[in-house]
There are 2 protein chains.
Amino acid sequence: MDGRFKLDNQLCFRLYTASRLITQAYHPLLAQHGLTYPQYLVLMTLWEKDAQPVNDIAKRLMLETNTVTPLLKRMEAEGIVTRSQGKKDARQMIVRLTRKGHGLQTKLMSVPETVGSAILCESVTPETVPGLFTMLDDIILQLKGKQG
Amino acid sequence: MDGRFKLDNQLCFRLYTASRLITQAYHPLLAQHGLTYPQYLVLMTLWEKDAQPVNDIAKRLMLETNTVTPLLKRMEAEGIVTRSQGKKDARQMIVRLTRKGHGLQTKLMSVPETVGSAILCESVTPETVPGLFTMLDDIILQLKGKQG
DNA sequence: ATTATTTATATCGTGTGCGATGCAAATATA
DNA sequence: TATATTTGCATCGCACACGATATAAATAAT
C-alpha cells in the first residue's frame, strides 16, 4: 500500500488536531467565565451585531440550528443572552445579549491576544498568517459551495 | 471596540470550520462502510502498525484514552477490531485489526484521493500544501509542548 | 380562500471530546 | 519486602455536532 493512508499525509487530520489544540488553549481562559469555545463564538457574533435570529447566528458560524439552539438555551440559563419570539416573523427566536453578555466583552478583552501569542512560532508569524487565512478561507468556500 | 474579537480575524474559527467541513466531506464516503471520521483515523494508525495498545493509538491521534476507549469498543462491536489484554503488561489492551478491518483498507482506497480533490482550489494546490502542512505542524507542536 | 410548499426552530438519537475520577497492575522507593 | 507512586485503561458527566424528523408560521400556488 503506498502512502495514501499515512496519517502524516492527511490535511484533515492536521486541521482536526490543530483546531482541537487551539480550542484547548482557549479553555482555561473561557472556563473561568463559565464559557465554552462555541459559546464564545456565539458571543463574538452578537458583539458584532446584537439581536439576531437563531438562523443568522447558525449561518455565521456555519453550524446547524440543532447545534445552536441547545447551546443558546444554556447561555440563556446562564443569563448571558435572552431569547424572545420575533415580532415580524413569529417563527424566529431573536437572541439578545444581556448586560452580563455585554460585560463579558470587557472581561475577555485579553483572550485573543493571549491565544494569538501562544500560537506564534517559526512558520506562523504576522507575515505568514494572511496566507494561511487565504488557504483556509478558500477551503471553507470550496466545501461550503459543494453542499449548502 | 477594535477588531480584536472579529470572527474574521480569528485563526481558530477558520481551523474549526475547515476541520468540520472536511469531516463532512468524508462522511458519505465513510458512512457507507459504517465508519465515522475518528474511527477512520484509528484504522489508519492500525494499517500503519497493527496490534497497538490503546495508549499508543491515543498518543498517535493526540486524543485522550477516555475518548478512544469507547470509540474502540464500538469498532469492536462492529467486528472491525479486537481488544485483548496485553501479555507483558496486564493493564494494556492490545487492539488488533480483524479480517474485516484489514479489508476496509481496500474498500476505502479511493477516499483520500476523492477528498483531496474536493479540497483543491485556487490557493490550495500540490505546490502550496507543503507550506500549509509546515504551519499546521508547527502550531500543533507549539501547543502540544505547552501541556502534555 | 384553500391548499401546498417552504422556512425557522426545536426534539431525538448517536458519536465524539474531554475534565474529573476510580481502579488495578507495574514500578519506584524506603 | 512493604509501601508509595506512577501508569494504562475505564467510567461518569457534560457539551457539542449533526442526521433525521416534527411542528407551526409564513409564503406560494391553485
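Residue numbers begin at 1 in each chain, while the letters A, B, ... track the order of the sequences.
- In this structure, of C/dT9, D/dC18, D/dG8, it is C/dT9 that holds the atom nearest to the side chain of A/Gln92.
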List every contact pair, protein side and nucleotides 1-4 of chain D side both N or O, where the distance is under 3.5 Å.
none

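- Within residues 28-54 of chain B, the residues having any heavy atom under 4.0 Å from DNA chain D are, by residue number, B/Pro53, B/Val54.
- Comparing atom distances between the A/Arg74 side chain and each of D/dA15, D/dC18, D/dA10 picks out D/dA15 as nearest.
- Around the CD atom of A/Gln32, the shell of radius 6.0 Å holds more than 12 heavy atoms that belong to other residues, nucleotides or ligands.
- Closest to the side chain of B/Met93, from the set D/dA26, D/dA10, D/dC16, is D/dA10.
- Between the NE2 atom of A/His27 and the C1' atom of D/dC14 there is a distance of 11 Å, rounded to whole Å.
- The distance from atom OH of B/Tyr16 to atom C1' of D/dC16 is 7 Å, rounded to the nearest whole Å.
- The side chain to side chain donor-acceptor pair (under 3.5 Å) test applied to A/Asn55 returns no partner, not counting sequence neighbours.
- By the salt bridge (charged side-chain N to carboxylate O under 4.0 Å, His left out) test, A/Arg91 is found to be paired with A/Asp89, residues two or more places apart in sequence or in another chain being considered.
- Per the geometry, CG belonging to B/Asn55 stands 14 Å off C1' belonging to C/dA25, to the nearest Å.
- Along DNA chain D, the nucleotide nearest to A/Ala90 and the one nearest to A/Glu64 differ in position, and the one closer to the 5' end is contacted by A/Glu64.
- Taking atom CG of residue A/Asp89 and atom C1' of nucleotide C/dA10, one finds them 15 Å apart after rounding to whole Å.
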Could you run down the sub-3.5 Å N/O contacts of the protein with nucleotides 21-24 of chain C?
none

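- Residue pairs meeting the side chain to side chain donor-acceptor pair (under 3.5 Å) criterion with at least one member in residues 64-74 of chain A: none, sequence neighbours excluded.
- Not counting sequence neighbours, the partners of B/Glu76 by the side chain to side chain donor-acceptor pair (under 3.5 Å) test are B/Arg83.
- Per the geometry, NZ belonging to B/Lys88 stands 15 Å off C1' belonging to D/dT7, to the nearest Å.
- For A/Ser84, the side chain to side chain donor-acceptor pair (under 3.5 Å) partners at least two apart in sequence or on another chain are A/Arg96.
- In the set C/dA10, C/dG17, D/dC18, C/dA10 carries the atom at the smallest distance from any side-chain atom of A/Thr69.
- Annotation: salt bridge (charged side-chain N to carboxylate O under 4.0 Å, His left out) contacts of A/Asp50 (sequence neighbours excluded): none.
- Spacing between atom CG of B/Leu143 and atom P of C/dC18 amounts to 13 Å, rounded to whole angstrom units.
- In terms of phosphate contacts, B/Arg20 brings no side-chain nitrogen or oxygen within less than 4.0 Å of OP1 or OP2 of C/dT16.
- Residues passing the salt bridge (charged side-chain N to carboxylate O under 4.0 Å, His left out) test with A/Asp56, sequence neighbours excluded: none.
- No single ILVMFWY cluster, assembled from side-chain heavy atoms under 4.5 Å apart, contains both A/Ile94 and A/Val68.
- Between the side chain of A/Lys144 and the backbone N or O of B/Leu21, no donor-acceptor pair lies under 3.5 Å.
- Rounded to whole Å, the distance from CD on A/Gln85 to C1' on C/dA10 is 13 Å.
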Could you give the side-chain donor-acceptor pairs of residues 118-125 of chain B under 3.5 Å, partners two or more places apart or in another chain?
from     : atom 1 : to       : atom 2 : distance (Å)
B/Ser123 : OG     : A/Asp138 : OD2    : 2.6
B/Thr125 : OG1    : B/Glu127 : N      : 3.2
B/Thr125 : OG1    : B/Glu127 : OE1    : 3.1
B/Thr125 : OG1    : B/Thr128 : N      : 3.3

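- Separating the NZ atom of B/Lys73 from the C1' atom of C/dT14 is a distance of 17 Å, rounded to the nearest angstrom.
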N/O donor-acceptor pairs under 3.5 Å from side chains in residues 39-48 of chain A, not counting sequence neighbours:
from    : atom 1 : to       : atom 2 : distance (Å)
A/Gln39 : OE1    : A/Thr36  : N      : 3.3
A/Thr45 : OG1    : A/Val42  : O      : 2.8
A/Trp47 : NE1    : A/Gly101 : O      : 3.2
A/Glu48 : OE1    : A/Arg60  : NH2    : 3.1
A/Glu48 : OE2    : A/Arg60  : NH2    : 3.4
A/Glu48 : OE2    : B/Leu7   : N      : 3.1

